[in-house]
Amino acid sequence: MKHISSPVENMLKPVKVVSGIVERNQSLPVVSNILIEQKDTRVTFSTTDLDIQIRTTAEVGVPGVEGSFTVSAQKTSEILSALRPLDTIDVNINDEGQAEFVTSNGRFTMQTLPAQDFPVISTSNWTCSFAIPAKTLRYLLTMTSFAMASKDHRYFLMGVLFVVEGSKLRCVATDTHRLAYCEAEVDGLNQETKVEAIVARKTVRELLRILPEDDTPVSVNLADTQIGLSFAGIDFVSKLIDGRFPDYQRVMPTEQTNPQCVRINREELLLALRRVQILTNEKFHGIRWLFSQGQLLIQGNNAEQEEARQTLTAPWTWPELDIGFNLIYMIELLTNLKNSEVDFHFAPTPKSVLVTMPESENFRYLIMPMRI
């Protein structure tokens with residue numbers, strides 16, 4: 001029976017949206033599949049990794065037909081990507097229960113698994129709900145997610161903390177060597193009781209992949225153990241990380257604790273760091289910043305006794321400062337910032353450094369110095 005008939009591009013789009021969370025070598029085979037549920041022309045595509053669930057719909061079904069089945073997410077995506085976007089593709093279920101992807105000059109026959117075996121994540125009773133433009137949420141996640149821990153037994157560091165309070169949404173991420181904080185005003189939000197939720201690393205990465213880059217409204221719903229988002233015809237549900245996030249307000253430096261502020265051109269600094277990176281130890285990633293009157297010297301070396309040095313003009317007026325940083329942390333920070341200049345706030349005695357954007361209170365970044 002024919003279930004789907006549409007241009008390839010119309011089916012590829014929802015398949016690409018949902019297939020990002022699917023992982024190979026699942027212990028439960030059906031979790032490697034896409035659940036396809038058809039009712040008339042409306043077709044729903046769903047995937048899950050048992051922690052995240054993504055669903056979206058497309059008008060690609062055959063009128064008057066209903067049915068559901070699951071097929072490999074990876075193979076379906078690869079087949080559709082290999083076809084011409086404007087070609088017509090028909091999806092049939094044959095008498096053996098196999099799925100047939102048929103074009104004018106070819107056929108792909110794939111095994112299916114029963115739709116009733118596909119696990120569905122049920123949603124909680126939401127305790128906090130608000131709407132936010134997609135580009136604002138993308139910005140908050142982009143400006144903080146690079147500071148998440150990638151591998152850590154402290155699982156609560158492997159995500160972004162959402163803080164909903166008053167009219168603001170704050171996002172915070174840290175791996176304990178650096179911390180990124182960004183906040184935004186949300187129109188219509190008035191959350192009297194502060195709500196906190198740690199959104200897992202994979203969830204954050206997936207949201208950054210599929211969130212629109214415009215003002216598309218995103219409905220955000222929070223519960224004790226889940227986050228749900230709806231936008232652009234996509235329903236996204238994910239488990240939250242259960243843990244206690246570090247007290248970011250206590251560790252964040254201020255302009256008062258770090259009064260020595262120097263403003264540096266972002267692009268010039270980024271270019272200098274990338275040049276120094278060429279001869280910097282690939283495992284250690286440590287570089288020295290040496291401030292003297294009116295200039296900054298950046299120095300890196302490696303195990304082969306090779307060295308790179310770059311000098312920048314910097315309005316430094318305090319006693320000379322010799323401080324070490326993780327090169328990768330600095331490059332990731334400057335790559336995500338888009339403004340022309342960056343403010344670095346140093347304390348009189350070497351300790352954590354505060355990085356801000358000129359004339360902006362919404363973003364703050366803490367980086368711990370390294371011993372070189």
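The first residue in the sequence is number 1, and the count goes up from there.
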Chemist: Scan side-chain atoms only and decide if Ser167 and Glu185 contain a donor-acceptor pair under the 3.5 Å cut-off.
Modeler: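 A donor-acceptor contact under 3.5 Å links the two side chains.
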Chemist: Within the distance-only criterion (no hydrogens, no angle test), does the side chain of Thr136 pair as donor or acceptor with the backbone N or O of Ile132 below 3.5 angstrom?
Modeler: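 No.
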Chemist: Quick check: does any side chain N or O of Arg209 sit under 3.5 Å from a backbone N or O of Val17, one acting as donor and the other as acceptor?
Modeler: yes
Chemist: For Glu359, does the CD atom have more than 12 heavy-atom neighbours from other residues, nucleotides or ligands under 6.0 Å away?
Modeler: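 No.
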Chemist: Is it the case that over 12 heavy atoms from other parts of the model lie below 6.0 angstrom from the CD atom of Glu96?
Modeler: yes
Chemist: Between Arg288 and Asp322, does a salt bridge (charged side-chain N to carboxylate O under 4.0 Å, His left out) hold up when you go through it step by step?
Modeler: CA-CA 7 Å; Arg288 293 175 68 190; Asp322 184 349; 2.3 Å; yes
Chemist: Is Ile210 close to Phe236 at the side-chain level, that is, under 4.5 Å between some pair of heavy atoms?
Modeler: yes
Chemist: How far apart are the C-alpha atoms of Leu211 and Leu141, what are their side-chain angles, what is the distance that settles it, and do they pass the side chain to side chain contact (heavy atoms under 4.5 Å, CB included) test?
Modeler: CA-CA 11 Å; Leu211 275 170; Leu141 294 176; 4.3 Å; yes
Chemist: From Ile234 CD1 over to Thr56 OG1, what is the distance, rounded to the nearest 0.5 angstrom?
Modeler: 5.0 Å
Chemist: If Ile, Leu, Val, Met, Phe, Trp and Tyr residues are connected whenever their side-chain heavy atoms lie under 4.5 Å apart, and connections chain through other members, are Ile54 and Leu137 in the same group?
Modeler: yes
Chemist: Judged by atom type as modelled, is there a donor-acceptor pair below 3.5 Å linking the side chain of Asn258 to the main-chain atoms of Ser352?
Modeler: yes
Chemist: Aromatic ring centroids of His285 and Tyr329 under 6.0 Å?
Modeler: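 No, the ring of His285 stays outside the 6.0 Å limit from the ring of Tyr329, centre to centre.
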Chemist: Can you check whether Thr280's main-chain N or O pairs, donor with acceptor, with Glu307's side chain at less than 3.5 Å?
Modeler: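 No, Glu307 side chain to Thr280 backbone: no donor-acceptor pair under 3.5 Å.
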Chemist: Count the heavy atoms of every other residue, nucleotide or ligand shown that sit under 6.0 Å from CG of Asp187, and state whether that count exceeds 12.
Modeler: no
Chemist: Give a yes or no on whether a salt bridge exists between Lys194 and Glu196, defined as a side-chain N under 4.0 angstrom from a carboxylate O.
Modeler: yes
Chemist: I want to check something: taking the side chain as every heavy atom from C-beta on, are Pro358 and Arg263 in contact at a cut-off of under 4.5 Å?
Modeler: yes
Chemist: Going hydrophobic residue to hydrophobic residue with side-chain gaps under 4.5 angstrom, can you get from Leu80 over to Met110?
Modeler: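 Yes, Leu80 connects to Met110 through the hydrophobic network.
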Chemist: Grab the two heavy atoms, one from Ile331 and one from Gln277, that are nearest each other, plus how far apart they are.
Modeler: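 Taking every non-hydrogen atom into account, CD1-OE1, 3.4 Å.
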Chemist: How many angstroms lie between CG in Leu83 and CG in Leu86, if you round to the nearest 0.5 Å?
Modeler: 12.0 Å
Chemist: Is it possible for you to say whether Val342 and Leu354 belong to one hydrophobic cluster, with membership spreading through side-chain heavy-atom contacts below 4.5 Å?
Modeler: no
Chemist: Can a donor-acceptor pair be found, under 3.5 Å and without considering hydrogens, that links the side chain of Thr112 to the backbone of Gly97?
Modeler: yes
Chemist: Between Thr41 and Val60, is a side chain to side chain contact (heavy atoms under 4.5 Å, CB included) present by the stated rule, with each step listed?
Modeler: CA-CA 6 Å; Thr41 60; Val60 295; over 6 Å; no
Chemist: Could you tell me if the side chain of Val18 sits less than 4.5 Å from the side chain of Ile34, heavy atoms only?
Modeler: yes
Chemist: Ignoring hydrogens, what is the shortest heavy-atom contact between Ser77 and Lys16? Give both atom names and the distance.
Modeler: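 Smallest heavy-atom distance, with atoms named: OG-NZ, 3.4 Å.
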Chemist: Would you say the side chains of Glu320 and Ser292 form a donor-acceptor pair under 3.5 Å?
Modeler: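 The criterion, which ignores hydrogens and geometry beyond distance, is not satisfied for Ser292 and Glu320.
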Chemist: Could you tell me if the side chain of Leu189 sits less than 4.5 Å from the side chain of Gln191, heavy atoms only?
Modeler: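 Touching, per the 4.5 Å side-chain cut-off.
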Chemist: Could you check Arg42, Lys13, Lys39 and say which one makes a salt bridge (charged side-chain N to carboxylate O under 4.0 Å, His left out) with Glu59?
Modeler: Arg42
Chemist: When rounded to the nearest 0.5 angstrom, what distance separates CZ in Phe162 from CG in Leu240?
Modeler: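 Result: 9.5 Å between the selected atoms.
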Chemist: Below 4.5 Å, heavy atoms only, C-beta onward: do Val199 and Ser238 meet side chain to side chain?
Modeler: no
Chemist: I'd like to know if the side chain of Thr216 reaches the main chain of Pro212, judged simply by a donor and an acceptor atom lying under 3.5 Å from each other, with no hydrogens or angles considered.
Modeler: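 Looks like no, no N/O pair under 3.5 Å.
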Chemist: When the ring planes of Trp316 and Phe291 are compared, do they come out parallel, tilted or perpendicular, using 30° and 60° as the limits?
Modeler: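 Rings of Trp316 and Phe291: parallel, as their planes differ by under 30°.
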Chemist: Salt bridge check, Arg84 against Glu9: does any charged N sit closer than 4.0 Å to a carboxylate O?
Modeler: no
Chemist: In terms of side-chain heavy atoms, does Ser72 have a donor or acceptor partner in Asn33 at a distance below 3.5 Å?
Modeler: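 Absent: no donor and acceptor within the cut-off.
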Chemist: Is there a donor-acceptor pair closer than 3.5 Å between any side-chain N or O of Arg266 and the backbone N or O of Asn339?
Modeler: yes
Chemist: Would you sort out whether Val31 and Leu28 count as a side chain to side chain contact (heavy atoms under 4.5 Å, CB included), showing the intermediate values?
Modeler: CA-CA 6 Å; Val31 177; Leu28 186 63; 3.4 Å; yes
Chemist: Can you tell me how far the CD1 atom of Ile287 sits from the CE atom of Met330, to the nearest 0.5 Å?
Modeler: 7.0 Å
Chemist: Can a salt bridge be assigned to the pair Glu78 and Lys75 using a cut-off of 4.0 Å between side-chain N and carboxylate O?
Modeler: no
Chemist: Do the side chains of Thr109 and Phe101 get nearer than 4.5 Å, heavy atoms only?
Modeler: no
Chemist: Can you say whether the rings of Trp289 and Phe346 are parallel (under 30°), tilted (30 to 60°) or perpendicular (over 60°)?
Modeler: tilted
Chemist: Please step through side chain to side chain contact (heavy atoms under 4.5 Å, CB included) for the pair Asn301 and Asn281, ending with a clear verdict.
Modeler: CA-CA 6 Å; Asn301 53 49; Asn281 190 303; 5.9 Å; no
Chemist: Any chain of hydrophobic side-chain contacts (each under 4.5 Å) joining Val204 to Met143?
Modeler: no
Chemist: What is the ring orientation for Tyr248 with Phe245, classed by angle as parallel under 30°, tilted 30 to 60°, or perpendicular over 60°?
Modeler: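 Perpendicular, since the angle between the ring planes exceeds 60°.
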Chemist: Under a 4.5 Å cut-off applied to non-hydrogen side-chain atoms, are Glu165 and Arg170 in contact?
Modeler: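 A side-chain contact under 4.5 Å exists here.
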Chemist: Of the non-hydrogen atoms in Met357 and Tyr139, which two are nearest, and what is the gap between them?
Modeler: CE-OH, 3.5 Å
Chemist: Ignoring hydrogens and geometry, is there a side-chain-to-backbone donor-acceptor pair from Glu282 to Asn302 under 3.5 Å?
Modeler: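 No.
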Chemist: Going by distance alone, is a donor N or O of one side chain under 3.5 Å from an acceptor N or O of the other, for Asn94 and Glu100?
Modeler: yes
Chemist: Consider only side-chain heavy atoms of I, L, V, M, F, W and Y, link residues closer than 4.5 Å, and tell whether Leu334 and Val353 are in one cluster.
Modeler: yes
Chemist: Give the minimum heavy-atom separation between Cys171 and Leu140, together with the two atoms involved.
Modeler: SG-CB, 3.8 Å
Chemist: Please determine whether a side-chain nitrogen of the Lys or Arg among Lys2 and Asp90 lies less than 4.0 Å from a carboxylate oxygen of the Asp or Glu.
Modeler: yes
Chemist: Look at atom CG of Asp247 and say whether more than 12 heavy atoms of other residues, nucleotides or ligands are closer to it than 6.0 Å.
Modeler: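 Yes, CG of Asp247 has more than 12 neighbouring heavy atoms, counting only those of other groups under 6.0 Å.
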Chemist: Indicate yes or no: at least one non-hydrogen side-chain atom of Ile36 is less than 4.5 angstrom from one of Phe45.
Modeler: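 Contact flag for Ile36/Phe45 side chains = yes.
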Chemist: For Lys135, is there an ion pair with Glu213 - N to carboxylate O distance below 4.0 angstrom?
Modeler: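 Not counted as a salt bridge, because no side-chain N and carboxylate O are separated by less than 4.0 Å.
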Chemist: Looking at Gln226 and Ser124, would you say the former's side chain and the latter's main chain have a donor-acceptor pair under 3.5 Å?
Modeler: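 Yes: the side chain of Gln226 pairs with the backbone of Ser124.
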Chemist: Would you tell me whether Arg364 and Thr356 have side-chain atoms, one donor and one acceptor, within less than 3.5 Å of each other?
Modeler: no
Chemist: Considering non-hydrogen atoms only, spot the tightest contact between Phe325 and Met368 and give its length.
Modeler: CD2-O, 4.2 Å
Chemist: Using atom types as modelled and distance alone, determine if a side-chain donor or acceptor of Gln38 lies under 3.5 Å from a backbone N or O of Asp40.
Modeler: yes
Chemist: Report the distance from atom CZ of Phe69 to atom CD of Gln111, rounding to the nearest 0.5 Å.
Modeler: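 If we round to the nearest 0.5 Å, Phe69:CZ and Gln111:CD are 13.5 Å apart.
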Chemist: Pro119 and Gln53: which non-hydrogen atoms are nearest, and at how many Å?
Modeler: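 Reported closest heavy-atom pair: O-OE1, 4.4 Å.
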